[in-house]
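Scope of the values below: all heavy atoms of this structure, side chains included, with no hydrogens, waters or symmetry mates. Numbers for residues simply follow the sequence, beginning at 1.
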Amino acid sequence: MEAKAYGYQTLHTMNNEGKVTYASENFPGPPLRVAVNADITTLGGRVVTQLAPSQDLRLKVGADGYRAHRDAERPFQVVKNGDPTTPGFYESKQIWPGVVTADAGVFAQATRLLGPVEATGTVRADMVWAGADEEQVTDVYLDIAKPGNGALDADALDRREFNVSGALMLTAPLSEAWTLSAGGGTAVRSASALERYADRFPSNKAQTSAEFIGNPRLDPERSWQADLELEARYDRVSFTAGGFARRISNYITLQDAPDVEPMLPLPIFAEGPFRYANGTATFYGGEMSASVAVLRSLTASVSGSYLWGKNLETNQPALGVAPLSGDIGVRYEPPQGRFYIEGTLGGVTEQDRVASILGETPTEGYVTLDLRGGLAVGRGISVEGGVTNLTDADYVNHLNAKNPYSGTPIPETGRIFFAGVNYAF
């Protein structure tokens with residue numbers, strides 16, 4: 001049996017000093033003094049026990065839960081002629097209005113041998129609570145929170161859910177080296193505190209940098225997924241390939257919110273605001289990896305992954321889907337294992353399947369080269385070092401956020417050298 005209890009508090013303060021909005025030289029409008037003050041306090045715990053009633057049956061049962069309180073405000077001033085328009089104080093607006101979320105769940109997992117086939121079944125049930133302080137929310141947020149009849153019920157900001165998830169996986173040996181696994185199940189993801197209660201919170205989702213406004217009436221996402229995996233292991237060769245198909249009902253995505261005014265007095269974001277909304281989506285994907293011991297001291301490897309997604313509500317690609325990517329690697333390590341040298345060539349294709357209705361833009365493909373190595377000095381001491389992006393390629397990861405002022409994607413860093421010393425005792 002294992003038990004764990006935890007509690008922590010995060011106090012976070014940030015401002016826009018050093019940003020283009022702080023001074024007016026490169027900003028079309030008067031400067032702003034903007035800050036965000038956030039407080040997140042979380043308490044939780046988990047208990048789990050593992051049982052072996054017989055040689056061919058293993059059980060795991062447990063429970064976990066947490067309660068989190070989130071509070072955040074955004075004070076700001078507009079500066080004109082070098083002086084704040086509201087000297088001596090900030091106008092402050094609540095962007096997390098005393099949000100409380102809690103989840104209590106129980107789960108069980110059983111693994112049993114059915115002849116040569118290993119079957120693993122899992123089930124989980126969760127009670128979810130969510131709410132916010134009605135006295136702290138803004139009128140704009142209340143307009144979003146109101147149900148269709150336009151009236152704000154006493155419990156309009158509260159949410160109660162009972163969610164059940166389950167899955168089954170079967171693994172069968174096809175031969176001494178080959179194994180086939182197949183599985184399926186359904187899982188539930190409740191909306192996060194940001195998705196429910198953010199009041200024009202400045203953040204990003206995939207490429208989209210904007211203000212987002214939550215919706216307390218969001219339904220939890222429910223995914224139905226089927227998986228298939230094939231694995232082979234020989235003395236000098238290993239291979240794994242798998243694929244999945246997934247359908248998500250109540251898929252939590254974004255919608256343009258042209259009727260929502262930005263919280264800040266100036267439109268500093270190139271896009272938005274956006275609101276969170278439910279929809280339906282389908283995803284298909286797969287990944288593979290293989291390695292070959294060419295020599296006792298030389299190993300070659302290759303891997304790749306692909307994901308395809310579509311938002312059925314907008315009839316466009318799903319937002320934030322990474323393109324096809326793959327790696328080719330070579331590692332030299334003598335049998336004594338005193339040192340190693342490793343090189344990896346990584347490639348990513350262009351991504352032109354984008355959710356243009358949400359401002360997502362295509363990105364180009366790129367190739368990078370990484371080198372690293374290590375040496376065991378002795379007495380538990382080893383050193384490692386290397387360089388990433390050796391050719392100093394200029395590229396953008398498709399999921400990177402955009403500069404909120406220009407709308408251009410933020411590029412990755414260039415060539416990076418690193419080194420470290422490890423001591424094992």
Side-chain angles (χ1 to χ4, degrees), residues 56 58 60 109-122 165-187 189 223-248 282-309 318 320-335 337 340-349 351 353 365-374 386 388 397-399:
D56 58 355
R58 299 188 302 275
K60 179 188 293 185
Q109 182 182 79
T111 300
R112 181 168 190 139
L113 291 176
L114 305 174
V117 178
E118 183 181 81
T120 300
T122 304
S165 304
L168 175 65
M169 176 69 76
L170 301 175
T171 302
L174 303 180
S175 67
E176 187 175 342
W178 290 82
T179 303
L180 179 66
S181 299
T186 178
R189 185 185 76 86
S223 65
W224 297 86
Q225 180 167 318
D227 296 85
L228 191 65
E229 182 177 276
L230 184 65
E231 182 178 6
R233 292 193 176 276
Y234 294 91
D235 291 339
R236 299 175 59 179
V237 178
S238 64
F239 170 82
T240 302
F244 74 89
R246 178 191 304 149
R247 182 182 178 89
I248 302 180
T282 56
F283 293 88
Y284 303 93
E287 58 185 8
M288 62 79 60
S289 63
S291 65
V292 180
V294 182
L295 303 171
R296 291 186 62 193
S297 57
L298 185 65
T299 303
S301 62
V302 61
S303 64
S305 63
Y306 178 71
L307 178 64
W308 183 97
V321 175
L324 173 67
S325 63
D327 295 315
I328 298 175
V330 177
R331 181 184 177 99
Y332 178 77
E333 184 173 6
Y340 75 90
I341 301 174
E342 185 176 88
T344 303
L345 187 68
V348 176
T349 64
Q351 179 59 293
R353 295 192 70 257
Y366 57 89
V367 175
T368 59
L369 177 62
D370 300 339
L371 296 176
R372 67 183 303 148
T388 61
N397 186 304
H398 180 74
L399 301 182

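- No more than 12 heavy atoms of other residues, nucleotides or ligands lie within 6.0 Å of CD in Glu287, so this atom counts as exposed by the packing criterion.
- Of all heavy-atom pairs between Leu324 and Ser305, the closest is CD1-O, 3.3 Å.
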Problem set entry | Test side-chain contact (heavy atoms from CB on, under 4.5 Å) applied to Phe283 and Gln225, step by step | CA-CA 9 Å; Phe283 293 88; Gln225 180 167 318; over 6 Å; no
- Message: If you apply the rule side-chain contact (heavy atoms from CB on, under 4.5 Å), what do you find for Leu345 with Val367, and how did you get there?
- Response: CA-CA 7 Å; Leu345 187 68; Val367 175; 3.6 Å; yes
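- Atoms OG1 and CZ, on Thr282 and Arg247 in that order, are 7.0 Å from each other to the nearest 0.5 Å.
- Note that CZ of Arg233 is 7.5 Å distant from OG of Ser291, once rounded to the nearest 0.5 Å.
- Residues Glu118 and Leu113 come closest through the heavy atom pair CB-CD2, 3.9 Å.
- The shortest side-chain heavy-atom distance between Leu298 and Val330 falls under the 4.5 Å cut-off.
- Once rounded to the nearest 0.5 Å, the distance linking CZ of Arg112 with OG1 of Thr120 reads 12.5 Å.
- Between Tyr234 and Trp178, the ring planes lie perpendicular to each other; the angle is over 60°, past the 30° to 60° tilted range.
- Summarising the geometry of Ala119 relative to Leu114, their closest heavy-atom pair is CB-CD1, 4.0 Å, with the distance given to 0.1 Å.
- The two residues Ala182 and Leu228 have their closest heavy-atom pair at CB-CD1, 3.8 Å.
- Residues Leu170 and Leu180 fail the side-chain proximity criterion, which asks for heavy atoms closer than 4.5 Å.
- A 4.5 Å side-chain heavy-atom check between Leu174 and Leu230 finds at least one atom pair inside the cut-off.
- With Glu342 contributing its side chain and Gly329 its backbone, the two residues share no donor-acceptor pair below 3.5 Å.
- Here the closest heavy-atom approach between residue Val294 and residue Ala300 is recorded as CG2-CB, 4.2 Å.
- Between Met169 and Ser181 the shortest side-chain heavy-atom distance falls below 4.5 Å.
- Atom-to-atom distance recorded for Arg246:CZ and Leu307:CG is 7.5 Å, nearest 0.5 angstrom.
- Between Asp327 atom CG and Ser301 atom OG the span is 8.0 Å, to the nearest 0.5 Å.
- In terms of modelled atom types and a separation under 3.5 Å, the side chain of Thr186 and the main chain of Ser223 share a donor-acceptor contact.
- Note that the OH atom of Tyr340 and the OH atom of Tyr332 stand 15.0 Å from one another [nearest 0.5 Å].
- Of all the heavy atoms in Phe239 and Ala290, the pair that sits closest is CD1-CB, 4.0 Å.
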